[in-house]
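Report on the following structure.
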Amino acid sequence: MEVRTRFAPSPTGFMHIGNLRTALYAYLYARANGGKFIIRIEDTDQGRYVEGAVDVIFNTLKQAGIDYDEGPGKEKGGYSYVQSERKAIYKQYAEELIRRGGAYYCFCKGRDMTDGGTVKYDKRCLRLSKEEVAERLARGESYVVRQNIPETDGVSSYTDLVYGEISVAYKDMEDAVLLKSDGMPTYNFANVVDDHLMGITHVIRGNEYLSSTPKYNLIYDAFGWERPQYIHLPPIMKDKERKLSKRYGDANFDDFVKKGYLPKAIVNYIALLGWSPKNNDEMLSMEDLIRLFSVDGVNISPAIFDEAKLRWLNASYIKNMSAEEFLGAARPFLDASKVGGKYDYALLAPLLIPRVEVLSEIPSLVDFLEEFGEYDLSLFTHQKMKTDAAVALKALEAALPAIQAMDGWDMTVLHDLLAATAESIGLKKGQMLWSFRIAITGHASTPGGATEMAALLGKEETLRRLAYSIARLKEGL
RNA sequence: GGCCCCUUGGUCAAGCGGUUAAGACAUCGCCCUUUCACGGCGGUUACAUGGGUUCGAAUCCCGUAGGGGUCACCA
């Protein structure tokens with residue numbers, strides 16, 4: 001039988017990392033088994049609907065490289081994949097479930113609360129006579145439909161493909177509302193009906209549904225439908241206690257993209273949170289994931305989101321990029337920095353690629369090209385290079401005229417020139433280059449060596465900064 | 001509180017009765033190097049806890065502790 005999985009988000013705002021992972025696993029499971037991946041929008045809560053949220057979901061999936069076979073915009077079965085458009089279907093099935101004894105009309109308004117928590121609904125409307133129900137319905141009284149959990153001592157069990165056998169006793173289940181008084185179904189009902197109607201064979205979702213699944217299975221049973229397989233996923237945590245969630249900020253896919261993480265790296269990382277391949281590989285493309293994904297690699301316990309590891313993966317992806325690919329992704333960040341548009345990006349790219357972990361670091365790495373002056377003279381002191389301000393002054397005063405006399409601006413020539421100058425005044429090449437780099441950048445660490453920085457600055461600016469630094473040194477000594 | 005579930009280094013994560021308990025990130029040290037990176041090499045760090053079962057337990061069973069989930073006309 002063909003495997004069919006689905007991702008069924010509620011359009012309530014942004015695409016959370018946890019949801020994305022659920023979508024990814026459902027997608028991978030379908031693809032790994034030659035099956036179909038379906039998207040269904042669960043918007044039965046009119047109060048929670050957020051304008052534009054559906055677009056966010058589709059944009060995110062697209063950026064993440066997750067495509068789908070059926071869903072909004074790709075209707076296949078002659079029906080909608082948006083639950084709010086399926087209202088009539090749920091009503092029809094609710095009525096059938098009532099006929100089959102799996103549910104009943106309920107006219108109760110509130111419920112009794114005690115301070116020990118909620119008490120189970122007492123099923124009082126189940127005892128209503130057929131006549132009374134018909135009469136109240138005819139009168140137009142508002143009602144809900146409740147699931148009728150057996151009153152016997154039984155248990156409902158199922159085997160989750162990740163967690164193994166789960167059993168819950170009937171007495172621990174409640175007669176949940178299936179159809180709300182506004183005619184919309186609840187998740188409890190819409191899910192079962194749609195998963196069945198859409199032929200879903202494997203239900204993949206967060207483990208918050210682990211203990212309510214037996215209840216849903218009772219609905220399948222009452223209808224005489226075949227139950228699907230279940231794959232419940234452990235949560236992604238912010239720390240040991242807290243789930244990664246919107247409440248704690250920055251857990252949305254878009255936020256990570258804005259911060260300069262590559263979609264491929266994000267997808268790769270979250271694939272590894274809660275699952276691992278047999279072969280231990282960590283850099284995995286979508287094709288690799290599809291090839292390697294299997295449910296026995298899915299982990300059972302929560303995983304804490306570790307941004308440091310995401311950074312590492314992101315950096316690895318960047319290192320594998322060509323200069324062109326890198327600039328394609330990095331250009332917006334370069335444009336937004338102080339050097340925006342002013343330097344030869346092609347010269348910057350190879351210097352940045354091994355140094356950038358997250359694209360948003362780019363400005364802090366290159367801004368010194370535009371910002372220069374008033375740096376700390378102690379930067380000239382370097383133990384290992386045997387340099388200090390006095391050595392630097394000597395080196396720079398010899399270098400300045402030599403560079404002025406240079407024809408053109410060739411870095412090989414400059415390098416040799418500096419080396420020769422150093423030798424002529426009894427200094428080591430390293431002493432010259434260290435001093436020179438500090439003098440033209442004013443920074444202890446720069447994205448490249450002395451000549452690379454000089455190349456970026458150009459001859460004129462290099463000479464200007466050199467002259468400035470010599471003056472600073474003189475006044476400092 | 002009832003019910004369901006979870007527990008290997010700081011983090012991810014192999015492991016499914018016999019291993020010197022993998023690997024990765026992070027961290028520390030060394031090497032490379034005209035800085036910083038990259039890269040290379042090496043080190044530190046783990047089976048929550050108490051009982052069983054067994055010749056033998058990270059692996060099986062029970063309890064304890066800690067944590068999560070759920071108990072809505074939200075999903």
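Computed from a predicted structure; not experimentally measured. So you know, we letter chains A, B, ... as the sequences are listed, proteins then strands, and number each from 1.
In the displayed structure, A:Gln383 atom CD is contacted under 6.0 Å by at most 12 heavy atoms of other residues, nucleotides or ligands. By the 6.0 Å contact criterion, NZ on A:Lys123 is enclosed, its count of non-hydrogen atoms from other residues, nucleotides or ligands being greater than 12. Other residues, nucleotides and ligands contribute at most 12 non-hydrogen atoms within 6.0 Å of the CG atom of A:Asp153.
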Inset, instruction - Start with the C-alpha gap between A:Asp306 and A:Lys309, add the side-chain angles, then the distance that decides, and say whether salt bridge (Lys or Arg N to Asp or Glu O under 4.0 Å) holds. - result: CA-CA 6 Å; A:Asp306 182 17; A:Lys309 186 140 185 177; over 6 Å; no
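Across the protein-nucleic acid pair, A:Gln431 atom CD and B:rU34 atom P stand 13 Å apart, rounded to whole Å. Taking atom OH of residue A:Tyr216 and atom P of nucleotide B:rC4, one finds them 17 Å apart after rounding to whole Å. The CG-P distance, from A:Asp182 to B:rC74, rounds to 7 Å in whole Å. Look at CG on A:Asp172: it is 7 Å from P on B:rC3, rounded to the nearest Å.
Taking the side chain of A:Trp312 as heavy atoms from C-beta on, and the options B:rA26, B:rG23, B:rU11, the nearest nucleotide is B:rA26. Distances were taken from every side-chain heavy atom of A:Ser445 (C-beta onward) to each of B:rC36, B:rU34, B:rA13; the shortest belongs to B:rC36. Checking B:rA26, B:rG67, B:rU34 against every side-chain atom of A:Thr451, the shortest atom distance belongs to B:rU34. Out of B:rC12, B:rU33, B:rA75, the shortest distance to the side chain of A:Lys384 is found at B:rU33. Closest approach to the A:Pro354 side chain among B:rC12, B:rA24, B:rA37 is made by B:rA37 (side chain taken as heavy atoms from C-beta onward).
Under the ring pair (Phe, Tyr, Trp, His ring centres under 6.0 Å) rule, A:Tyr269 has a single partner from A:Phe305, A:Trp275, A:Phe253, which is A:Phe305. The residue from A:Asn191, A:Thr5, A:Ile38 that alone fulfils the side-chain contact (heavy atoms from CB on, under 4.5 Å) condition with A:Ile200 is A:Ile38.
In RNA chain B, runs of at least 3 consecutive Watson-Crick or G-U pairs, each pair with both distances below 3.5 Å, span B:1-7 with B:65-71, B:10-12 with B:23-25, B:27-31 with B:39-43, B:48-52 with B:60-64.
Using a 4.0 Å heavy-atom cutoff across all strands shown, A:Gly206 reaches no nucleic acid atom at all. Across all strands, A:Asp45 comes closer than 4.0 Å only to sugar-phosphate atoms, never to a base (heavy-atom distances). Note on A:Ser212: nothing from the nucleic acid sits closer than 4.0 angstrom, heavy atoms only. In this structure, A:Ala450 reaches the bases: a heavy-atom distance under 4.0 Å links it to at least one base atom across the strands shown. Within 4.0 Å (heavy atoms only), A:His415 reaches at least one base atom of the nucleic acid.
A sub-4.0 Å separation between OP1 or OP2 of B:rA14 and a side-chain N or O of A:Ser276 is present. Of the side-chain N and O atoms in A:Asn207, none sit less than 4.0 angstrom from OP1 or OP2 of B:rC6. Under 4.0 angstrom from either OP1 or OP2 of B:rA72 there lies no side-chain N or O belonging to A:Asn188. For A:Lys120 and B:rG2, the shortest distance from a side-chain N or O to OP1 or OP2 is not below 4.0 Å. Taking only side-chain nitrogens and oxygens, A:Thr44 comes nearer than 4.0 Å to OP1 or OP2 of B:rA75. Taking only side-chain nitrogens and oxygens, A:Lys180 never comes nearer than 4.0 Å to OP1 or OP2 of B:rA72. The phosphate of B:rG23 has neither OP1 nor OP2 within less than 4.0 Å of any side-chain N or O from A:Lys278.
Under the 90° criterion around 0 for the glycosidic angle, B:rC6 counts as anti.
In terms of modelled atom types and a separation under 3.5 Å, the side chain of A:Gln147 and the main chain of A:Lys215 share a donor-acceptor contact. Formation of a donor-acceptor pair under 3.5 Å by the A:Tyr68 side chain with backbone atoms of A:Leu61 is not found in this model. Proximity of a side-chain donor or acceptor of A:Ser360 to a complementary backbone N or O of A:Lys259 within less than 3.5 Å is detected. Without hydrogens or angle criteria, A:Thr186 side chain to A:Val177 main chain gives a donor-acceptor distance under 3.5 Å.
For RNA chain B, the neighbouring residues in residues 157-171 of chain A, judged by any heavy atom under 4.0 Å, are A:Tyr163, A:Glu165, A:Ile166, A:Ser167.
Taking atom P in both B:rC47 and B:rG40, one finds a spacing of 30 Å when rounded to whole Å.
In terms of position on RNA chain B, the residue among A:Leu310 and A:Trp434 whose nearest nucleotide sits closer to the 5' end is A:Leu310. Mapping A:Ser301 and A:Arg355 onto RNA chain B by nearest heavy atom places A:Ser301 closer to the 5' end of the strand.
Salt-bridge annotation for A:Glu307 and A:Arg311: absent, with no side-chain N of the basic residue lying under 4.0 Å from a carboxylate O of the acidic one.
The base of B:rU35 sits within donor-acceptor range of the side chain of A:Arg437, with an N or O pair under 3.5 Å. A donor N or O paired with an acceptor N or O is found under 3.5 Å between the base of B:rC73 and the side-chain atoms of A:Ser181.
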